[in-house]
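One structure is given below, encoded as structure tokens.
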Amino acid sequence: MDDHFHAVMDRNIFKLELTVEATSAYIVVASLLDDNVRPSMDLIRARWTTSDQELDDALDELVSRNVVRRQETPDGQPLYYPNPSSVWN
């Protein structure tokens, strides 16, 4: 994936009835991409305001609903990229 992937937060996120934490995690991922920053777990965590477990659960929820996809760098660092809302479930 290109390091300068650009995405605009899709407001359809609010129609999915996700947990507050999952919606917040999506907003964090989108904000990193808006800043042209790779959405790594370390950088997501740096902007996260609650527990690491809540973040892990929120990201798992987003992945399970196909809102974001988890991709690993060659060194095993997870990155999170939004999928288009047309594939969300």
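Note that the numbering runs from 1 along the sequence shown for the chain.
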Closest contact, heavy atoms only, [X] versus [Y]:
| X | Y | result |
| --- | --- | --- |
| Val87 | Asn83 | CG2-CB, 3.5 Å |
| Asp10 | Ser85 | OD2-OG, 2.9 Å |
| Ala25 | Leu59 | CB-CD2, 4.2 Å |
| Pro39 | Val29 | CB-CG1, 4.2 Å |

Could [X] and [Y] be called an ion pair, given the rule that one side-chain N must be under 4.0 Å from one carboxylate O?
| X | Y | value |
| --- | --- | --- |
| Asp60 | Arg70 | yes |
| Arg45 | Asp56 | yes |
| Arg47 | Asp42 | no |

So, does [X] use its side chain to make a donor-acceptor pair with the main chain of [Y] at under 3.5 Å?
| X | Y | answer |
| --- | --- | --- |
| Glu72 | Leu79 | no |
| Asp35 | Val37 | no |
| Asn66 | Asn89 | no |

Rounded to the nearest 0.5 Å, what separation is found between the [atom1] atom of [X] and the [atom2] atom of [Y]?
| X | Y | atom1 | atom2 | value |
| --- | --- | --- | --- | --- |
| Arg69 | Leu62 | CZ | CG | 13.0 Å |
| Thr19 | Asp57 | OG1 | CG | 8.5 Å |
| Leu32 | Leu43 | CG | CG | 6.0 Å |

Side chains of Thr50 and Glu21: donor-acceptor distance under 3.5 Å anywhere?
no
Are Tyr80 and Ile44 close enough that some pair of their side-chain heavy atoms sits under 4.5 Å apart?
yes
I'd like to check Glu61 versus Val67 (side-chain heavy atoms, cut-off strictly below 4.5 Å). Are they in contact?
no
Does the pair Leu16 and Arg65 meet the rule for a side chain to side chain contact (heavy atoms under 4.5 Å, CB included), with working shown?
CA-CA 9 Å; Leu16 285 182; Arg65 299 285 303 269; 3.7 Å; yes
Set out, in order, the CA-CA distance, both residues' side-chain angles and the distance that settles side chain to side chain contact (heavy atoms under 4.5 Å, CB included) for Thr73 and Arg38, then state yes or no.
CA-CA 11 Å; Thr73 63; Arg38 290 175 73 186; 2.9 Å; yes
Stepwise, does the side chain to side chain contact (heavy atoms under 4.5 Å, CB included) test hold for Val68 with Tyr81?
CA-CA 5 Å; Val68 300; Tyr81 290 99; over 6 Å; no
Quick one: do Val20 and Trp48 end up in the same hydrophobic cluster if we chain Ile, Leu, Val, Met, Phe, Trp and Tyr together by side-chain heavy atoms under 4.5 Å apart?
no
Please name all residues satisfying ring pair (Phe, Tyr, Trp, His ring centres under 6.0 Å) with Trp88, sequence neighbours left out, ordered by chain then number.
Tyr26
